[in-house]
2 protein chains.
Amino acid sequence: MKRVTDSASGDLTMTQNEVLTPAMVPDVVVLRLPMYIRALTQLLESRSMVVSSHDLGTLLQMTPAQIRKDLSYFGRFGKQGKGYDVKFLRDELQQILGLDQNWPACLIGVGRLGEAIINYPGFVPEGFNVVAAFDSDASQIGRKLGGIEVISMDALTKTINEYNISIGIVAVPSVQAQPVIDELVLAGVRGILNYAPIAPVVPPDTVIRNIDPVLSLQSMTFYLMKKGVNPLIPG
Amino acid sequence: MKRVTDSASGDLTMTQNEVLTPAMVPDVVVLRLPMYIRALTQLLESRSMVVSSHDLGTLLQMTPAQIRKDLSYFGRFGKQGKGYDVKFLRDELQQILGLDQNWPACLIGVGRLGEAIINYPGFVPEGFNVVAAFDSDASQIGRKLGGIEVISMDALTKTINEYNISIGIVAVPSVQAQPVIDELVLAGVRGILNYAPIAPVVPPDTVIRNIDPVLSLQSMTFYLMKKGVNPLIPG
DNA sequence: CACTGTCTGTGACACGCTTCACAAACTTAC
DNA sequence: GTAAGTTTGTGAAGCGTGTCACAGACAGTG
């Protein structure tokens, strides 16, 4: 992956790296990019202009080598002897992930969980906007929630096309989750954030991410037991 | 995915495998065990008595070889020519993870998110009970929530010892998350489920799991863009 | 009982990711 | 300007995990 190091640019600011992403980027690397962005944003807020892979590593509990290797998949963002320009690197990574744009999303299921999701203030500043909310329960239709109105599942495809929605957030009970996911895929949604405790089946060109606290807890207990931590024996 | 199920005898009962766990089990394998348990429970509900690694694989979108290899780290649970006794295997895996016991947990932060967590009906059937809820906001103290009373952070250590709590669920704003986690660790909690969008620092003998929907979405967009899915350009 | 078909458990191999180590590039100090 | 110190980018080695392939065990059939 040779890239032109344009010389004589005395500043850390680099020329536009075209991000062509040769599709050879490991998935794990892509999963880590958002963490880098978050750390860089944090550094930016504390007025840091430049950061080394070493310092980023201590901040994120990773080895400097891994950070450098990860970034090298996308370009040459740093400068020897100095490090990375914080703002520049963050902007580059955001562009690589498409986070410099606004992603409209829809929510399916406005129960207790769905309500918490739609009111969660953490999505909007990152460029994710829930612009529509659906529910199969007729008594929920028409209810206002976080500034938007709950509408019927019948209007799913129409609404998704209208708002150009490419991300669906699934917050329905387990039994309805797979059917809802199928509907979303059929309607053209290619990214799904699933909160239901199931192992969903999606076509290969669809990206799915599962949020499953119970799974996290259930693998945690294995290590707790090994460490001699004892739970409460029932009885 | 259909399994032959009923055999005449049902004499698949196996000898007691001592589970000594030689600490050589890869972490990824432990992370998958809960998924196996969930699938087995599902099979049990649909009256399946026996399942092969092949059928489990199609159910979970995994290769049969991986399932067999994973299980082989803990013992020999299957029978050649037949498969695995569903109930037996599930019970064994639950015991390995310590899920045959009851794990008391505490919640820190009873905002919108904390409220949704404490009312989430999915924890209790899996053996996780939120037995105490804390908040630093004085106006929240004393409020009843999901059957339990919100108490002050001052009572953290005392309460954790009293109820023998080994798991802490952190649902506080980002800036307070690390301090709260430090407090939990100091109080003796060795397992932490963190909902705050940060990269927490914990001692090596502490198990931490992060629930971070924003990170999931931010890596999703990379693939959506590659597939030519276009978000809404702001403007 | 023998013979055919099925499925597990596992050593060996293959692959992908992490870590290492170093040349090259840049900074700082004098 | 020179020398010493710092940090990146990256081939190559190392390591952990997934996959393969097959011997062995069991079921089913007649």
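Quick caveat: nothing in here was measured; it's all calculated off a predicted structure. Reminder, nothing fancy here: chain letters follow the sequence lines and each chain counts from 1.
Distances shown here put a side-chain N or O of B:Tyr84 below 4.0 Å from the OP1 or OP2 atom of C:dG9. For the pair A:Arg76 and D:dT7, the criterion of a side-chain N or O lying under 4.0 Å from OP1 or OP2 is not met. Within the structure, every side-chain polar atom (N or O) of A:Gln80 is placed at least 4.0 Å from both OP1 and OP2 of C:dA24. Neither OP1 nor OP2 of C:dC7 sits under 4.0 Å from any side-chain N or O of B:Ser53.
Comparing atom distances between the A:Lys69 side chain and each of C:dC17, D:dG18, C:dT18 picks out C:dT18 as nearest. Here C:dT19 is the nucleotide among C:dT19, C:dC26, D:dT8 with the atom lying nearest to any side-chain atom of A:Thr63. For A:Lys82, the side-chain atoms get nearest to C:dT27 when compared with the rest of C:dT18, D:dT19, C:dT27.
Distance A:Leu71 CG to D:dG9 P: 7 Å, rounded to the nearest Å. Regarding B:Leu56, its CG atom lies at a distance of 16 Å from the C1' atom of C:dG9, rounded to whole Å. Regarding B:Leu89, its CG atom lies at a distance of 12 Å from the C1' atom of C:dT8, rounded to whole Å. Here the P atom of nucleotide C:dC7 and the CG atom of B:Asp55 are 7 Å apart, to the nearest Å. Here the P atom of nucleotide D:dT19 and the CG atom of B:Asp70 are 10 Å apart, to the nearest Å. If you measure from atom CD of A:Gln66 to atom P of D:dT8, you get 15 Å, rounded to the nearest angstrom. Nucleotide D:dG11 holds its C1' atom 12 Å from the OH atom of A:Tyr73, rounded to whole Å. The NZ-P distance, from A:Lys79 to D:dG9, rounds to 12 Å in whole Å.
Going from atom NZ of B:Lys79 over to atom OG of B:Ser52 covers 15.5 Å, rounded to the nearest 0.5 Å. With values rounded to the nearest 0.5 angstrom, A:Leu43 atom CG is found 13.5 Å from A:Lys87 atom NZ.
A donor-acceptor contact under 3.5 Å is formed by the side chain of B:Arg68 with the base of C:dG9.
Taking the side chain as every heavy atom from C-beta outward, A:Leu217 and A:Met220 approach each other to under 4.5 Å.
Considering B:Ile208, B:Leu186, B:Val172 in turn, B:Ile208 is the only one that fulfils the side chain to side chain contact (heavy atoms under 4.5 Å, CB included) rule with B:Ile181.
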Verdict with reasoning, B:Asp27 to B:Arg32, per salt bridge (Lys or Arg N to Asp or Glu O under 4.0 Å): CA-CA 9 Å; B:Asp27 289 359; B:Arg32 280 193 292 264; over 6 Å; no
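Nucleotides of DNA chain C nearest to A:Val28 and B:His54 differ in position, and the one nearer the 5' end is that of B:His54.
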